[in-house]
Amino acid sequence: WVWNASNMLPHRSIKNGNGWITDVAYMANQPVAVTSVDRSISFYDSGRTSLEPLARVNNLENVPMCAHWLRISDCDMFLWGDDHGNINSYSFEDEWGSEHIVPGTGIELGNKKLPGMKPHPAFKLHNDWVTKVRYLNHSGCLLSASMDSTLRMVDLEKKKPKWTVDEHLRGVYSFDFCRSYNFIASCGVERHILMWNPFTGRSVGALHGHSASVQEVMLNEDENQLISLSTDKVIKIWDIRSHKCLQTITDTATYWPENRISALAYNPRKRCILTCGTRLEPWNRVSRENVGTSSICAALYNNNFRQVVAGDVDCTVSVWSIDRGDTVFSFGNTHGESKMSAMCFDNTSRRLVTGAQDGTVKMWNFNNGQCLKEYDGFGDAEVSCVTYLEEGPNRFVAAAGWNRKVCIWVDSASGYRESLHHSMEGHTDDIICMTFCPPLILATGGYDGKVILWKIDGVIKATLTPPDHDQKNMDDKPIERIIYMPKNNKTLAAYGVDATVNIWRLSDNQLLYQLRTGHGGFGTAMCTDQENQYLITADTDGYLKVWDMRECNFKGNMGSCGEMLYMYGWKAHQQAVNSVSYVMKDDVAHVVTGSMDGRVCFWTMDGCWIGTFGQDDLWQLGDPTTYQEDTPTYSDGAAHEPDSKKADIPEELEDEVECDDEVDYEALLLEQQRKALLAPRNRRAKESSHKLTFSTTLERRLPLQKLSPVENPANVVKSRSSGAAASSPSPTGAGRGSKRR
């Protein structure tokens, strides 16, 4: 086929013969050469866009499998490797061929050669068919690959191998040479890419990330990139300086009769990747500003690998380094056309469990993107939460969601598909969150506002309800997040959509503490540190709040447990925070947040913004000069003051404020006046301004719109001085939607 390069549409087709075409080779001032399994080589006029046929060589000894043109000082040569492992060659005179046209064919035919073509004796390099040959001009050597799992560097003049690489376990499909950094990259039946020293043939590295055989590899030296294609239609772009995967592209189109990509090329003029299945498909560059971002469903910290693993609703899992923020690995298409909705690690933090809106649950090796298991039996309802359980020597995977059940599977060492072991029912509405309380208790929180404590065999141990449960309307009851705090006398904290935290003691199921956080938005996410000394809460407006629990004593009764102190808060995202994780790195506390805005951000515990994972400018953890912000900007975004005392400001921060001569006192006054205006508003007045409409029932988790502009404080003071009552502004925007999307 000949294609129009401007619109990628077919221009014309040429019938080459009845045999399968194995390769096409081109060089300036020489015709296009096409090799075929019918043991022929056809030549087409490259000086015309119509590619008129010129000549054909028939009756070759073996089948030509790959071809390559090269230009040396005295002549042009044409090389091809055959199915018997031989390298064959022709040298061409300035004028070759003749004017004799075979009647009925329209082209000149030759038996093994044509006039002006000088064949050279074939020399055997491999024990299986040759997959690729290439001449390296700077060294005068020929590099070849074969299905016998070897690469060979050969002195073309002496026809003697200089070195042989046999570290591929199976056949080698392709390779490419990087002149700028002096290495050879090769790929084959294995799922990784190997790199070699071109002078010695010694290994210099490997790229891991594909989950299927890698069939093509090529280098874009102008932009320091390596492009690879695997047999599962996944394209990866790698940085050849850092050996990191920059981007993963999954071709979701279906091709017929074979659902695969057969060829890969790079167009340096248009800076795009071309793939070919049954048609040409260009993959054009898009500026970073125009790249769509998908809502983050979870961002988890893995202490074993010192990495952050995040999943978005478009079924892409990204792995980032905590030390620099760069991408370590990513893979996509985890749940096909569905959207990912839940994630967790197993007990060793080496495997990742994911759930989706179509009810599928899978387990992954997140270091290479391999799917290890699929769990059957959940149904087609959305999976809202997944967790991993241990009961003595037994291991289980649990999932819950819109089917109002908790489904349990045994984590066995054998088999790819796992059948449902048993399910547990008890909630009257959708289950939203779940956590395991070792050694025997599984806790779930639902849209019905209840927390149920289960034994793993399905027996309900207790049902916990907040004291004001019956007074709440239905849309303020859901439990968004529950966490287990073993260091706080084995207590369970439940964070509701109304931004209230209720804490129960599991030994007697007694409610010990109720914290009204005062978040302006609806509650979404919550986490604690390993010692359960601090609590972090988040809301739909993108704000975080940090609470000090060190003065609390959860051994007493309600009202005698001490008080949880509010430390500080800041705006972490422009949209709802869907995930928050505590990170202890080198004895320094940090926070990882994932948001509906598609970003995963990294913060110090006191609110300094370190950066966004995947950003161009990498940070060095521990060096504040590389952070996006070296000082925190505090703002709690509260619609009313939290029901807690303010914790003392750390002494070093207090000194910094006292010594700061550049404080914007006008902005500080405006903020104080704004809080004064909003303080008289009680919770019920705020709730009444968020009546549900039909449109809000389309999404369960819709962030609030921003507050209406606050009246100018100067005008308020003026009106008060004249005896007029100043009314406080009311927030606008849709509230949290109902459970049905």
Side-chain angles (χ1 to χ4, degrees), residues 298-301 432-437 443 445 451 464 466 479-506 511-556 558-559 561-572 576-584 588-594 603-607 632 634-638 641-650:
L300 312 175
Y301 175 62
I432 301 176
C433 52
M434 176 168 53
T435 191
F436 180 53
C437 310
V451 176
L464 310 177
I479 305 296
E480 284 295 312
R481 201 62 49 97
I482 50 178
I483 56 174
Y484 177 55
M485 299 189 294
K487 300 295 180 66
N488 281 346
N489 199 26
K490 299 182 179 179
T491 52
L492 184 75
Y495 188 37
V497 70
D498 61 350
T500 299
V501 180
N502 291 283
I503 299 177
W504 290 274
R505 185 168 50 219
L506 293 184
L511 180 68
L512 301 179
Y513 196 88
Q514 187 176 65
L515 171 68
R516 298 188 183 277
T517 62
H519 275 284
F522 294 101
T524 56
M526 177 177 63
C527 74
T528 183
D529 62 306
Q530 289 89 337
E531 299 300 321
N532 305 139
Q533 294 181 345
Y534 302 97
L535 190 71
I536 304 173
T537 57
D539 67 12
T540 53
D541 288 344
Y543 285 92
L544 294 185
K545 289 188 177 185
V546 181
W547 307 85
D548 188 347
M549 297 188 292
R550 289 176 294 180
E551 300 299 324
C552 294
N553 178 11
F554 294 108
K555 296 180 180 180
M558 185 75 169
C561 295
E563 190 163 6
M564 199 177 298
L565 302 179
Y566 171 62
M567 298 178 66
Y568 33 72
W570 67 90
K571 189 170 179 64
V577 178
N578 292 337
S579 176
V580 57
S581 299
Y582 180 89
V583 176
M584 178 60 74
V588 180
H590 305 84
V591 179
V592 174
T593 58
W603 310 83
T604 62
M605 186 66 172
D606 58 358
Y634 293 136
S635 173
D636 57 18
E641 293 297 328
D643 296 340
S644 171
K645 292 181 180 178
K646 186 74 167 63
D648 293 335
I649 298 176

Check against side chain to side chain donor-acceptor pair (under 3.5 Å), Thr604 and Asp606: CA-CA 5 Å; Thr604 62; Asp606 58 358; 2.4 Å; yes
Partner set under side-chain contact (heavy atoms from CB on, under 4.5 Å) for [X], not counting sequence neighbours:
| X | result |
| --- | --- |
| Glu531 | Lys487, Asp529, Gln533 |
| Ala525 | Arg481, Ala538, Val580 |
| Ala494 | Val451, Ile479, Ile482, Trp504 |

Taking [Y]'s backbone N and O only, do any of them form a donor-acceptor pair with [X]'s side chain (distance below 3.5 Å, no angle check)?
| X | Y | result |
| --- | --- | --- |
| Tyr513 | Ala493 | no |
| Asn553 | Gly556 | no |
| Thr517 | Ala499 | yes |
| Asn488 | Asn532 | yes |
| Arg505 | Phe554 | yes |
| Thr524 | Val577 | yes |

Centroid-centroid under 6.0 Å between Tyr634 and Trp570 rings: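 Here the rings of Trp570 and Tyr634 have centres that are no less than 6.0 Å from each other.
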Would you name the heavy atoms of [X] and [Y] that are closest together and state the gap between them?
| X | Y | value |
| --- | --- | --- |
| Val592 | Val583 | CG2-CG2, 3.6 Å |
| Leu515 | Met564 | CD2-SD, 3.5 Å |
| His519 | Asp539 | ND1-OD2, 3.0 Å |
| Thr528 | Met549 | OG1-CE, 3.9 Å |
| Ser579 | Ala299 | OG-N, 3.1 Å |
| Met526 | Ile483 | CE-CG1, 3.7 Å |

Over-ring placement of Lys545 relative to Tyr566, 6.0 Å and 45° cut-offs: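 Output yes; distance and angle both within limits.
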Do Tyr582 and His590 have side chains that approach each other closer than 4.5 Å (heavy atoms only, starting at C-beta)?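 Result no, sub-4.5 Å side-chain heavy-atom pair not found.
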Once you round to the nearest 0.5 Å, how far does CG of Asp498 lie from OG1 of Thr500?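 Going from the CG atom of Asp498 to the OG1 atom of Thr500 covers 3.5 Å.
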Out of Val501, Ile536, Thr537, Leu565, which one pairs with Trp547 under the side chain to side chain contact (heavy atoms under 4.5 Å, CB included) rule?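 It is Thr537, the one option of Val501, Ile536, Thr537, Leu565 that forms the side chain to side chain contact (heavy atoms under 4.5 Å, CB included) with Trp547.
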